[in-house]
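Just so it is clear: chains get the letters A, B, ... in the order the sequence lines come, proteins before strands, and each one is counted from 1.
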2 protein chains.
Amino acid sequence: MGSTGGRRERLRAETTAEIKQVALKLMATGGPDAITLRAIAREMGMTANAIYGYFATRDDLVTMLINEVYTALADAVDAAWAEAPAGHAAGRIQTWARAFRDWALANPEGFRLIYGDPVPGYQAPEGGAAPDAAHRVCTGIAALADAAWPHARHLYAHGDFQWSDFDAGLLDKVRPAFPDLPPAGVALALRIWGHLHGLVSLEIYGHLHTQTINPGKLFQEELTQLVRSLGIDSKE
Amino acid sequence: MGSTGGRRERLRAETTAEIKQVALKLMATGGPDAITLRAIAREMGMTANAIYGYFATRDDLVTMLINEVYTALADAVDAAWAEAPAGHAAGRIQTWARAFRDWALANPEGFRLIYGDPVPGYQAPEGGAAPDAAHRVCTGIAALADAAWPHARHLYAHGDFQWSDFDAGLLDKVRPAFPDLPPAGVALALRIWGHLHGLVSLEIYGHLHTQTINPGKLFQEELTQLVRSLGIDSKE
DNA sequence: TGAGGAGACTATACGGCGTGAAGTTTGCTG
DNA sequence: CAGCAAACTTCACGCCGTATAGTCTCCTCA
């Protein structure tokens, strides 16, 4: 059996990485539709079929790309959250949300890959393509809700949400991280996610552009109202 | 020159309608990806090239389908709005929003067609494929905002939105219909659209499903909080 | 009435796609 | 050095959109 550091394995890992990198470059250039095995192979000086040695099918490759890109998004928003001063709940929340939108605007193709119909015939595997990264993003929003919960609880605690309403994999991450956040807080987090996703998604897909000249202003208003709706008074 | 009711024209109109109908059937069966000229032709006992007599290109056909489907959505939510009792602002708003989600759940492929990357290589014409239907939907949400504005104005009138922030085509519809709604009210309408679109979109694309067992409950909570955020007290 | 023309449709072809089967080269291992 | 497995190519199939050229049918008008 080959040792873990063998030349063969190293070359294989390098080629795998190159395939993914070329695929991401193609996506950035021509959108998710440009991710074709033949185009990747062309770019690498290979035959399309050679890629089957690394990925059983094109969908497997796309799934891996989704994981990669989704993780990059999660990293970006996590970093923004970590950098913002922990004292200011309102500022931290707005920083997180702005990082979310900024990442999407900077990587529209990646956003489409994660959240849209990614590639022509692509069919996501059961449970979604990247549940881990999705849970990471959701956990990030749960952090927003957790930070706001002391102010917001009297507004949202009324709901009749149960732990059983939510996905176990998500709760495995959220409950240990935020022991004081009740089910209603998780529901609040998911709603906030929906709000931000909706505005950004409409913008990325060009639907907002036919309504308003100024999506950024609309998003800023959203953030202002978000903080207010969380019961946080401070202007920032 | 052929008269307007000639046999030729009638046959032509019928064939055009059949193409669109078959395309919609294929979409309902196999998703937007299933809309291929060859599949349509196969279903109709024709050659794929025959369709070029009716649509210059596949994208033209898709654009027409988007218009058709988008109009169906607009009809559905308009009807829900018209049927709900005009007196109860809260009930009317919730009815509208529920109609929006119900239509999306009943026509997920249509929703994807309208709001997602529709079909493999499809490139929407400038200004979006169906600005009219989009404006109709937005006008519908503006009606929500207008109905709520007496309660909501003290919460949202502060913003510094101008008429010039919005698309002229949208304002052509909104301003005559709701003369009392200021720019801040239109911004509110777009934000509400974003909120609802986000939750429904996450649900349709399967991202919510990996977080919560019960998207309907989450949406109901959204509606409750929406009405509250509009300053409407009444439970319904 | 019969010729001309327009419109509807087919046949053929090209290049691109994902993918399966079979064959060939390369390099490690015993 | 023999053998083997991994990496890669070649060929093939059926799908796609679409361009070009040809055929058939029916309407119109002299």
Side-chain angles (χ1 to χ4, degrees), chain A residues 1-20 22-23 26-27 29-65 117-125, chain B residues 1-20 22-23 26-27 29-65 117-125:
Chain A
M1 186 163 290
S3 60
T4 60
R7 200 173 96 91
R8 218 85 181 238
E9 281 79 7
R10 188 162 42 78
L11 282 179
R12 184 177 180 78
E14 279 171 12
T15 306
T16 306
E18 190 186 352
I19 291 173
K20 290 195 282 189
V22 169
L26 287 172
M27 183 188 73
T29 307
D33 296 356
I35 304 176
T36 67
L37 296 184
R38 290 179 127 102
I40 294 169
R42 221 177 293 129
E43 198 86 5
M44 294 176 64
M46 295 169 69
T47 308
N49 273 338
I51 299 181
Y52 282 90
Y54 300 88
F55 298 93
T57 180
R58 191 204 51 158
D59 282 11
D60 285 11
L61 169 59
V62 171
T63 298
M64 188 143 304
L65 291 178
D117 290 317
V119 173
Y122 178 74
Q123 184 94 4
Chain B
M1 186 158 292
S3 62
T4 60
R7 199 174 95 91
R8 218 81 181 243
E9 282 77 8
R10 189 165 41 80
L11 283 178
R12 183 178 180 77
E14 280 171 10
T15 306
T16 306
E18 190 186 352
I19 291 172
K20 289 194 282 189
V22 169
L26 286 172
M27 183 188 72
T29 306
D33 296 356
I35 305 175
T36 68
L37 296 184
R38 290 180 128 102
I40 294 169
R42 220 177 293 129
E43 198 86 5
M44 295 177 64
M46 295 169 68
T47 308
N49 273 340
I51 299 180
Y52 282 90
Y54 300 88
F55 298 92
T57 181
R58 191 204 52 158
D59 282 12
D60 286 11
L61 169 59
V62 171
T63 299
M64 188 141 305
L65 291 178
D117 290 318
V119 174
Y122 178 74
Q123 183 93 5

Which atom of [X] lies closest to which atom of [Y], heavy atoms considered:
{"X": "T16(A)", "Y": "Y54(A)", "answer": "OG1-CD2, 3.3 Å"}
{"X": "R38(A)", "Y": "A48(A)", "answer": "CG-CB, 3.7 Å"}
{"X": "I40(A)", "Y": "A23(A)", "answer": "CD1-CB, 3.8 Å"}

Round to a whole Å and report the spacing from [atom1] of [X] to [atom2] of [N].
{"X": "E43(B)", "N": "dC16(D)", "atom1": "CD", "atom2": "P", "result": "12 Å"}
{"X": "L61(B)", "N": "dC16(D)", "atom1": "CG", "atom2": "C1'", "result": "15 Å"}
{"X": "D33(B)", "N": "dC15(D)", "atom1": "CG", "atom2": "P", "result": "16 Å"}
{"X": "I40(B)", "N": "dT18(D)", "atom1": "CD1", "atom2": "C1'", "result": "14 Å"}
{"X": "I51(B)", "N": "dA8(C)", "atom1": "CD1", "atom2": "C1'", "result": "13 Å"}
{"X": "E18(A)", "N": "dA7(D)", "atom1": "CD", "atom2": "P", "result": "15 Å"}
{"X": "M46(A)", "N": "dA6(D)", "atom1": "CE", "atom2": "C1'", "result": "12 Å"}

| query | Touch check for Y54(A), heavy atoms < 4.0 angstrom, all strands: base, sugar-phosphate only, or nothing? | reply |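 Counting heavy atoms under 4.0 Å across all strands, the contact made by Y54(A) is with sugar-phosphate only.
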
| remark: Protein-proximity profile, nucleotides 11-24 of chain C, B/S/- by nucleotide at the 4.0 Å heavy-atom cutoff, equals BBB---BBBBB---

| Counting just side-chain N and O atoms, does R12(B) come under 4.0 Å of either OP1 or OP2 of dG7(C)? |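 For dG7(C), neither OP1 nor OP2 has a side-chain N or O of R12(B) closer than 4.0 Å.
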
| field | M44(A) CE: over 12 foreign heavy atoms closer than 6.0 Å | value | yes

| Taking the side chain as C-beta and beyond, is there a heavy-atom pair between F55(A) and V62(A) under 4.5 Å? | no

| query | Does A39(A) offer a backbone N or O that forms a donor-acceptor pair with the side chain of T36(A) under 3.5 Å? | reply |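 Judged by distance alone, yes, a pair lies under 3.5 Å.
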
